[in-house]
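The model shown is predicted, which means the values in this text are computed figures rather than measured ones. When reading the values below, keep in mind they use all heavy atoms of this one structure, side chains included, and skip hydrogens, waters and symmetry mates.
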Amino acid sequence: MRIALSLLLLLSPLFAHANDPSSYAEPDKVRIADLGLDLRVDFDKKELAGRADLRLSWLDPAHRVLVLDTRALRIEKVLGKSGDGVWRRLKFELAANDPIFGSKLSIAMRRPYEVVRIRYRTSPQASGLQWLDPAMTAGGKHPFLFSQSQAIHARSWVPLQDTPSVRFTYSAHVRTPASLIALMSADNDPAAARDGDYVFRMPQAIPSYLLALAVGDLRFAPLSERAGVWAEPSMLAAAASEFVDTETMIQTAESLYGPYRWGRYDLLVLPPSFPFGGMENPRLTFATPTVIVGDRSLVSLVAHELAHSWSGNLVTNASWKDMWLNEGFTSYVENRLVEAVFGVEQAQMENVISQYGLQQDLATLAKGDQLLALAPLAGRDPDEALTDVPYVKGAWFLSFLEQRFGRERFDGFLRGYFDHFAFQSISSDDFRAYLNTHLLAAAPDVASAAEIDAWLTQPGIPKFASAAHSARFAAVDSAVARWLKRRIAANEIDTAKWSTQEWVHFIEKLPKKLPAKRLLELDDAFGFTGSANGEIAQRWYPLAERSGYFEARPAMASFLKRIGRRKLIMPTYEALAASKDGKAFAQRVFATARAGYHPITVGSVEAVLGKPGK
Ligand code: BES
Ligand code: ZN
């Protein structure tokens, strides 16, 4: 028994590096070391066309097949080049499409080629690209294209090993209409000539989900020597003003976790159909315009995406079951940056809101999905792991460690962790082993193995965790209580100094359902219906719908048509879907909104409303 166990332990590193179930690739045999893209951006056909050169590093030189991930790509020709410099045509086989994982591309070869060249075109329906007509942009004159590769959509615009366990450097040559600018998650030059011909180099090895491209009528405004913002001309001034604190955030992060290693840090403001809040594409964070609300109250999004420059982009989850290593660490660091730059009250308010969201999520999630270290996502769409659990429970776990070990010790630990695993892809087990030797071992009674286990491998939030608290929210709580008991009228509540977070908390503290007349009173006092602030709208409209406050419906419809950010609009679709009449209304709205939504958002809405005609 003993012998068998130690044999197993000896062999366990082999199992630990089992291939990522979200990818067809076989990185234990061969890995992409460098990618060379040469692409034409065709807005009429809504396609990228050109070639990808994959420079390979063969771990198993006897292996004779290169397996890649693709989705809806038209593969035209595959060539291989070895030491003699001659390109030879290679046979390939493209498997039938799997709705979650796409088509496995197998390239057979007689020898381990150094470079494989694939000529291909994307589909207009590529899940990782959104092609916008001019009407869907702020300027209304030029089309726009952007990519969103995380989690497994890079394969819909580049044939590659679409797994975060493989890192590669890349270069790109991108041709666009001459009036447009192309930007990538690479060395964008703010002063590049606007001529439709752009070259990029990303000298640091990144995983496929960080591959990014955007094309549009974009202008640049500097925020500091190394930071700046790109946006459509009409958005640029507001964006630059909203994001003024970016350089301070970078310096704060550096003082905590070591140098920013990526050169420039720029932000790109996308059209409102961008399906996420932000995306940490290296050197060029993609951001939703919905955080530009005028008072900088939502710039924790910048703190978040910037934090990924350490947690995620430097130290990466090897597969999506361990996404908390990316998002939980990032949410923790985000909150530390918010605290340092905007003060502890702001950080506490944001924590209370996040933990409330997590509790809501936990109420509907299966036990198995409530763990930080999830079981392998074999056969499952990795987007299913995209809940508040990796984000908020992950950050909560790290706050727990910080409280137990003290800030100074924990900060030192995290800094060492980012250095130790820089440019590597790791699992929860790797983290745990590092935690044991570098934090727990020297102080075994500060946190027990059972407590760590509770966080990583048990559902829910451990009983011994302490919840976030906000003194500023206490005032909101008492206002809500008095208004509900009709001690005061809505317009008597002192809201003069409230920021987005207080408004959000106010709405979340209301009962799930109220008489419509009472919502009308709130609307008369505060004008929630039609609010330009998406964080308020995403909470108000579901309450309005549950309460039968149908006066909100027209504004609700225009909100759903204007914005494609999933997190903001899904709660309203879900609330509408709960009644027959609401669902019919939602289906009518969706029918007109659909053409403007990103494929990812279309998928989410269809999951709630059903596909049209069904
Ligand atoms: N990397 C994520 C976005 C993501 C995760 C896209 C998984 C696809 C799959 C990004 O850093 C993120 O977390 N964005 C948040 C904003 C943040 C402030 C919590 C979002 O989009 O809401
Ligand atoms: Zn994130």
Side-chain angles (χ1 to χ4, degrees), residues 146-151 164 183-186 188 202 204 206-207 209-214 223-224 226-231 235 239-240 242-254 256-257 260-272 274-293 296-317 323-342 346-347 350 354 386 390-392 394-395 418 534-535 565-568:
F146 66 84
S147 68
Q148 168 55 43
S149 297
Q150 196 182 8
L183 299 171
M184 293 192 80
S185 49
N188 301 295
M202 182 46 153
Q204 286 140 314
I206 60 160
Y209 77 93
L210 296 176
L211 203 61
L213 169 69
L223 296 168
S224 72
R226 61 176 159 177
V229 57
W230 294 89
M235 298 287 292
E242 203 79 19
F243 301 143
V244 274
D245 296 305
T246 302
E247 176 62 34
T248 312
M249 289 182 185
I250 303 174
Q251 287 175 17
T252 306
E254 288 187 307
L256 286 168
Y257 307 118
Y260 177 75
R261 305 202 200 198
W262 304 88
R264 294 197 57 80
Y265 179 78
D266 295 324
L267 290 142
L268 166 64
V269 178
L270 290 158
F274 184 55
F276 293 100
M279 180 63 214
E280 65 272 27
N281 298 315
R283 300 179 183 220
L284 184 69
T285 283
F286 283 20
T288 172
T290 62
V291 295
I292 302 175
V293 287
R296 299 172 195 155
S297 60
L298 299 177
V299 294
S300 60
L301 179 112
V302 177
H304 181 97
E305 305 313 335
L306 171 67
H308 273 304
S309 308
W310 287 263
S311 42
N313 300 6
L314 216 49
V315 183
T316 310
N317 50 217
M323 195 165 92
W324 81 280
L325 295 171
N326 277 19
E327 298 300 345
F329 277 69
T330 294
S331 301
Y332 170 82
V333 172
E334 164 197 342
N335 203 251
R336 292 293 304 275
L337 300 183
V338 167
E339 181 186 318
V341 179
F342 300 101
Q346 181 70 20
E350 294 187 9
S354 302
L386 191 53
Y391 286 80
V392 186
F418 291 136
E535 293 293 337
R565 180 179 173 191
R566 232 167 34 154
K567 194 187 98 173
L568 295 189

Engineer: Roughly how far apart are L268 CG and S185 OG, rounded to 0.5 Å?
Structural biologist: 11.5 Å

Engineer: With the side chain counted from C-beta on, respond yes when H304 and S331 share a heavy-atom pair under 4.5 Å apart, and no when they do not.
Structural biologist: yes

Engineer: What I'd like to find out is whether the side chain of L386 reaches to under 4.5 Å of the side chain of F276, using heavy atoms alone.
Structural biologist: yes

Engineer: At what distance, to the nearest 0.5 angstrom, does CD of Q204 lie from CZ of R261?
Structural biologist: 9.5 Å

Engineer: Decide yes or no for R264 and N188: does some side-chain heavy atom of the first lie under 4.5 Å from some side-chain heavy atom of the second?
Structural biologist: no

Engineer: Report yes if the side chains of L256 and F418 come closer than 4.5 Å at any heavy-atom pair, otherwise no.
Structural biologist: no

Engineer: Got E242 and V299 here, is their nearest side-chain heavy-atom distance under 4.5 Å?
Structural biologist: yes

Engineer: Just how far is it from atom CH2 of W230 to atom CG of L284, taken to the nearest 0.5 Å?
Structural biologist: 8.5 Å

Engineer: Before you tell me yes or no, could you show the steps for K567 and E535 under side chain to side chain contact (heavy atoms under 4.5 Å, CB included), namely the whole-Å CA-CA distance, both residues' side-chain angles and the distance that decides it to 0.1 Å?
Structural biologist: CA-CA 9 Å; K567 194 187 98 173; E535 293 293 337; 3.6 Å; yes

Engineer: At their closest point, which heavy atom of S224 faces which heavy atom of E247, and how far apart are they?
Structural biologist: OG-OE1, 2.7 Å

Engineer: Measure across L210 and N281 and return the closest heavy-atom pair with its distance rounded to 0.1 Å.
Structural biologist: O-OD1, 3.9 Å

Engineer: Could you check whether F146 and F286 have their ring centres less than 6.0 Å apart?
Structural biologist: no

Engineer: Would H308 and T330 count as a side-chain hydrogen bond (donor to acceptor under 3.5 Å, both in side chains) if you check the C-alpha gap in whole Å, the side-chain angles of each, and the deciding distance to 0.1 Å?
Structural biologist: CA-CA 6 Å; H308 273 304; T330 294; 2.8 Å; yes

Engineer: Any chance you could lay out the side chain to side chain contact (heavy atoms under 4.5 Å, CB included) test for R565 and V291, step after step, and finish with the verdict?
Structural biologist: CA-CA 11 Å; R565 180 179 173 191; V291 295; 4.2 Å; yes

Engineer: Is the backbone N or O of L267 less than 3.5 Å from a side-chain atom of E305, with the two atoms forming a donor-acceptor pair by type?
Structural biologist: no

Engineer: Search all heavy atoms of Y332 against all heavy atoms of A395 and return the closest pair with its distance.
Structural biologist: N-CB, 3.6 Å

Engineer: Grab the two heavy atoms, one from E350 and one from S300, that are nearest each other, plus how far apart they are.
Structural biologist: OE1-CB, 3.1 Å

Engineer: Looking at E280 and N313, what are the two nearest heavy atoms and their distance?
Structural biologist: O-ND2, 2.9 Å

Engineer: Minimum heavy-atom separation for A303 to L337, with atom names?
Structural biologist: O-CD1, 3.7 Å

Engineer: Under the 3.5 angstrom rule, does the side chain of D266 hit a backbone N or O of G228 as a donor-acceptor pair?
Structural biologist: yes

Engineer: Within this structure, what is the CE-CG distance for the pair M323 and N326, rounded to the nearest 0.5 Å?
Structural biologist: 8.0 Å

Engineer: With M235 as reference, evaluate V269, L270, V229 under the side-chain contact (heavy atoms from CB on, under 4.5 Å) test and give the passing residue.
Structural biologist: V269

Engineer: Are E254 and W310 close enough, and set up right, to give a side chain to side chain contact (heavy atoms under 4.5 Å, CB included), and what steps lead you there?
Structural biologist: CA-CA 10 Å; E254 288 187 307; W310 287 263; 4.2 Å; yes

Engineer: In terms of relative ring orientation, are F329 and W324 parallel, tilted or perpendicular, with 30° and 60° separating the classes?
Structural biologist: tilted

Engineer: Do Q346 and V341 have side-chain heavy atoms sitting under 4.5 Å apart?
Structural biologist: no

Engineer: Answer whether the closest heavy-atom distance between the side chains of F274 and T290 falls below 4.5 Å.
Structural biologist: no

Engineer: Go through the steps for V244 and R296 under the test side chain to side chain contact (heavy atoms under 4.5 Å, CB included), then give the verdict.
Structural biologist: CA-CA 9 Å; V244 274; R296 299 172 195 155; 3.5 Å; yes

Engineer: Does L306 reach the side chain of Y265, with side-chain heavy atoms less than 4.5 Å apart?
Structural biologist: yes

Engineer: Out of curiosity, E334 CD to Y391 OH, how far, rounded to the nearest 0.5 Å?
Structural biologist: 10.0 Å

Engineer: Taking atom CG of L183 and atom CG of L213, what is their separation to the nearest 0.5 Å?
Structural biologist: 8.5 Å

